[in-house]
Amino acid sequence: MEFWNIKSQEKYQIENVMKLIRKKKFITSKTAWRCQVDAVALGAGGWTPLESNGKQWLQIDLGERFDITGVATQGRYGSSDWVTRFNMMFSDTGRNWKPYHHDNTIWVFPGNINSDGVVNHKFQHSIKARFIRFVPSEWNPSGRIGMRVEVYGCSYKSDVADFDGRSSLLYRFNQKLMTTYKDVISLKFKSMQSDGVLFHGEGQRGDYITLELQKGRLSLSINLGDAKLRFGNTHTVVTLGSLLDDQHWHSVLIDRFNKQVNFTVDKYTQHFRTKGESDDLDIDYEFSFGGIPVSGKPGAFLKRNFHGCIENLYYNGVNVIDLAKRRKPQIYIVGNITFSCSEPHIVPITFTSSSTSYLLLPGTPHLEDLTVSFQFRTWNSDSLLLSTKLSGDSGFLLLQLYSGKLLLMIQEKLPNILPITAGSFLNDGLWHAVAINIRRHRISLTLDNGATAPIHVTIPARISTGHQYYFGGCPDPPSDCINPISSFQGCMRLIFIDNQPKDLILVQRGMLGNFSDLQIDMCGIKDRCLPNYCEHGGACSQTWSAFHCDCGDTGYADATCHSSLYEQSCEAYKHKGYPSDYYYIDSDGSGPLGPVRVYCNLTEEKIWTIIQHNISDLPSVRGTVFGKPYSMTFNYGASAEQMESLINNAEYCEQEAVYHCKHSRLLNSPGGNPYTWWIGRGNERHTYWGGSLPGQCACGLEESCIDMRHYCNCDADRQDWMNDTGFLTFKEHLPVSQIVISDTNRSGSEVAWKIGPLRCYGDRNFWNSATFSPIVSYLYFPIFHSDFSTDIAFFFKTSSSSGVFLESLGVKDFIRAELVSPYQVTFSFDAGNGPMEVSLQSVTALNDGQWHHVRAERNIKETSLVVDNQPRKLVQTQYDGRLRPLLNAQLYVGGTASKQRGFVGCIRYLQMNGQTLDLEEKAKVTPGIRPGCPGHCSSYGNLCHNNGKCVEKRNGYTCDCTNSAFEGPYCKKEVSAMFEAGTSVTYVFQEPYPVSRNTSASASAIYADTVISRENIAFSFLTAQAPSLLLYIDSFYQDYLAILLCKNGSLQVRYKIGKDGMYVFTLGSKRLDNRKLHHVRINREGKELVIQIDKIIKERHNFSSDIYFKAIKSLTMGKVLDNLRSDPEVTKANSIGFIGCLSSVQYNQVAPLKAALRHASIAPVTATGSLSECHCGSITESDLSTITTTYSSSDPFGNSDDREPLTNEMRSAPVVIGGVIAITIFIIFCIVAIMTKIVYRHKKTLSKSQNREKEYTGTTDFSFRNEMDLQNTVSECKKEYFI
């Protein structure tokens, strides 16, 4: 690369550049030269300003615009003067400078470390400019600023046209209509105006394409009009870019092929597809640039024209400006267009600090007329714009931005007067003009040159001007300036005081006014929302120094809306303990796909994910027209990409396909063209109906069709109704997106069809794991390409004290997650700004062999680390360099590239930016690493509640609810029943030894060896009846335990233990027959007894000595039907038994109520009376009243109330008497039949008792274990009678 003297085109080396200083043709600096000029003659020297401070710069004028690609620097020859860090700025005119950006950040170049070494810098992107500035920011602390520079680049040629806002170029076609399927339009432009049309073309059929500046942004509007769809919405509008009215060059490229359009502004590209069905763009006659002229009205335009310069304008390969310069007939010029770019001499300034920036300009004091005007742009909603002290005692005039509005006031020593407000949302980053005029007793405030009506206010006293005007802020300490708000951060220009413009270049040179923390001759405003770092549709807002993301209802959170609020599968919801319900699942986590609403059925061992579509009924089809088949499209409330991701993550998916037919063929098998088909993934057509073989239904696969000549029942084409039902299970074809039915145009033909919801189970990622044994073993994956945001999530368990979970390296950049110690996890990275580390100290040890979850995220604003449910560790991310790490090596999991500090243990469900890494597949081909990881119950066993037992599976675990009174996937679903008067459920405990099958009286002596020294009893109940007998346990030794409600509604526990007599414990703090659900737990260990009600009432009691139950015989819920050998209180409570709802009864390892409801055929349980399965929590007052109404006329002992008219009437009615007689006769016959059957069964009891003992042993391993967890949906209060 070369630096060129423009006149001689001679290449200059770094020492020869200094000769240009002596010639004073191309290089100037702000300050006077020192004696280095003499050194130049000796081939050495350099630039050193008189003062070394942050206000110095070296400027080079290349004479015309060049394409500059890099620079090199040295220190001043033979000295201790060199620059260690510097910025660069460039300009076309020597005014309105723009800093060099690298990775969307104002770049600080590293300089020299001595005076002689050469440091080269190649630009990330070339610069087209005539003027270059080197701005030192740091230098050798032992010396001064000193520089020698060299600039590299090439010549730059361009064709430029200057539009004055009332002109345009018309490019006229050779034919009347130009039809294109591909268009490429490129140009560069610069402007100070925020609005204006850059180009426009349209056709008579409604086609058009328009590129327009709107509020400093480019808006591309395109319509590929179609006469058939002219009433539809085929207009497409896309907006890109920001702050494009900054009088700097901006490049535009529009590349269209059919409906696909790539729209690029500077370095930002948006890809989109146009609406409608048409692919071609039809333009009539001409294409206009710079405005939209009105046909037949010369000089008239439909919209505001472009005012500025356009360079290198190409339309489909045609250099339009070149044709215009050569006065070619294809180009027609409207208005005044010149072919050089005029540059307005406007000097903007930038206020950089919210506390110390200000600009002081002098004014003429004691004038009766005060006039101040200027333009400003900012993102901050609150700041000081102007403060000036008026002459005499008039006070201070203040102009502020307050909540985005202008606020003008005169503030005196006493109260504020004259508050005037104007405008709204003036912190939108656009230029706004404000003018203040005070004349005699009238103040006028004008905004945006009268775009809105000026505001006029009359004041009582006349005021006169002061001699100083402070813009943006006040000095410290303030002098004749007050600032009740923060200083201004933004840009100003065109400042007029007393109707006189202020030369800000003189301010820069120290010849006018004063300033602090300003950048003069440039506007440094930046749109921090471009690009929009708020992901997933988050709304970006900004201030001068930061941006903020409003995630709203996007389903994502954190600083950039990167982290999903939802789990990635129903499996994940299950293992967090959630019940069955509708949930949002985000199958790719932080990836681009949004969440989908599904139903998670968590009541079965297989976790089903169910996605409904818009057709839930059974549509009927008949009478269609030949050649126009019936079709229906399904909407799942999710995109095709979302559905595909969800299905791919599942182990199995299915959709039921139901086809009821009458004289209508389905697939026309065998061999014929199908009459019905469905469209699946990828818009592919499929001709099977169950299974996955083309041309077959389920009956064809099972060889069970009505007519074996066909593979579908409906293909028999019979006149009566038939049915073909099957399950579509080939995942790669699902979901069904459309169904087409054609054979319903014949007379009498009719179809009713249904496509069921998509149902999937299993999560292929959640249990994906690998076990790392040797410390040097690791898995490696392809290079991880990090984005603006990076998140890493995984589970791990280990017994080691340290180890690296994963690592990815670049030349200098890296990402690493590591267990540093048993209590500390770190996430570290380098994205070009130096190493950064986030460390989280755990309150518990992490090497305990339990699963622990780690999630780390780095985005442009912050870096976070979370371990399990501990508080998140958050660190602000440095935002002054590259936005993402540059990685070029493989991703190592479980170790490092150096094969040191490897991880020993298990890693599971490893995700990076929402994508799951397949550890198991990689482990299968990697020595020293095993796929999978056992031992899930050690971490998830606590999810099995209520005596449930965690059982290991290869991928996960399951809860065995055999010994629990509950059921469901976590043993949390209650098993409840409604008891009516007389209902009795008795569980008979098995005899402990085979000899106990002897039913003689001496058999009870064998139970002397069966001693129970503890009871663990738990149940819930709801009733309105007292007294009531809830639970009764007796033994062969006439001992018993009774749990009852007393007449006053209190709970009472009564023990009868051998010779020790009776123990009675009453909890009488409140009535429990109050129609509310109560939970009771009774635990006895030896002589210590604990009774708890509703987790609130808890009492402890002690027996006089250890007590033991010997040879327990049975446990009865409700009424005891055998003769009670109990005290009168128990007998009184047993008169009716229990009326109400009883739930989840547990006695030690036995669940008697669950056995009665789920396994009555094999469990040793007998039920008498009406037993209705019912959910106690859903019992209503009416339900409870229904079962107690029959007994409302009786006292607890069954005595009738003669005052009940309904009862008396029934007794006297002859019809009722006849009915009772008939029922009695029927019951007698039934009793005879039942007794006969009982006698018959009794004869076989001895021969079958051994088999019975094997079926149900009374231990924890029951024969019906496999049936205990059947999750059948039971309707509310479904009756089951046991007689």
Polar side-chain atom of [X] near backbone of [Y] as donor-acceptor pair, under 3.5 Å:
| X | Y | result |
| --- | --- | --- |
| Asn316 | Val184 | yes |
| His125 | His101 | yes |
| Ser91 | Arg95 | yes |
| Asn305 | Ser167 | yes |
| Ser357 | Thr352 | yes |
| Thr350 | Met522 | yes |
| Asn96 | Asp246 | yes |

Steps toward salt bridge (charged side-chain N to carboxylate O under 4.0 Å, His left out) verdict (Lys182, Asp255): CA-CA 8 Å; Lys182 178 177 176 61; Asp255 189 350; 3.1 Å; yes
Please work out whether the ring planes of [X] and [Y] are parallel, tilted or perpendicular, with thresholds of 30° and 60°.
| X | Y | answer |
| --- | --- | --- |
| His200 | Tyr208 | parallel |
| Tyr470 | Tyr358 | tilted |
| His102 | Trp107 | tilted |
| Phe289 | Phe287 | tilted |
| His432 | Phe376 | tilted |
| Phe109 | Phe123 | tilted |
| Tyr533 | Phe788 | perpendicular |

Could you walk me through whether His562 and Asn859 pass side-chain hydrogen bond (donor to acceptor under 3.5 Å, both in side chains), step by step? CA-CA 8 Å; His562 178 74; Asn859 57 55; over 6 Å; no
Just do the side-chain hydrogen bond (donor to acceptor under 3.5 Å, both in side chains) check on Asp527 and Gln542 with the steps written out, would you? CA-CA 8 Å; Asp527 191 340; Gln542 60 186 310; 2.8 Å; yes
Give the intermediate values and the outcome of side-chain hydrogen bond (donor to acceptor under 3.5 Å, both in side chains) for residues Glu535 and Ser789. CA-CA 9 Å; Glu535 304 177 49; Ser789 297; 2.7 Å; yes
Begin with the C-alpha distance, continue with both residues' side-chain angles, and end with the deciding distance and a verdict on side-chain hydrogen bond (donor to acceptor under 3.5 Å, both in side chains) for Ser219 and Glu212. CA-CA 5 Å; Ser219 176; Glu212 183 178 5; 5.8 Å; no
Run the numbers on Asp159 and Lys325 for salt bridge (charged side-chain N to carboxylate O under 4.0 Å, His left out), then give the verdict. CA-CA 9 Å; Asp159 295 303; Lys325 288 167 63 176; 3.0 Å; yes
Between [Y] and [X], is there a cation-pi geometry (under 6.0 Å to ring centre, at most 45° from the normal)?
| X | Y | answer |
| --- | --- | --- |
| Arg528 | Trp379 | no |
| Lys55 | Phe515 | yes |
| Arg172 | Tyr332 | yes |

Residue of the set Leu401, Asn427, Thr543 for which side-chain contact (heavy atoms from CB on, under 4.5 Å) holds with Ser381: Asn427
Cysteines Cys534 and Cys540 with SG distance under 2.5 Å: no
Let's test your reading of the model: do Cys549 and Cys561 have SG atoms under 2.5 angstrom apart? no
In the structure I gave you, are the side-chain heavy atoms of Val252 and Lys188 within less than 4.5 Å of one another anywhere? no
Salt bridge (charged side-chain N to carboxylate O under 4.0 Å, His left out) pairs, two or more places apart, involving residues 331-358: Lys190-Glu343
Using a 6.0 Å cut-off, check whether atom [atom1] of [X] has over 12 heavy atoms from anything other than its own residue.
| X | atom1 | value |
| --- | --- | --- |
| Tyr402 | OH | no |
| Phe257 | CZ | no |
| Lys267 | NZ | yes |

Hey, are Lys128 and Glu311 close enough for a salt bridge, meaning a charged N less than 4.0 Å from a carboxylate O? no
The test is salt bridge (charged side-chain N to carboxylate O under 4.0 Å, His left out); show your working for Asp183 and Arg256 and say whether it passes. CA-CA 5 Å; Asp183 290 298; Arg256 181 188 71 87; 2.8 Å; yes
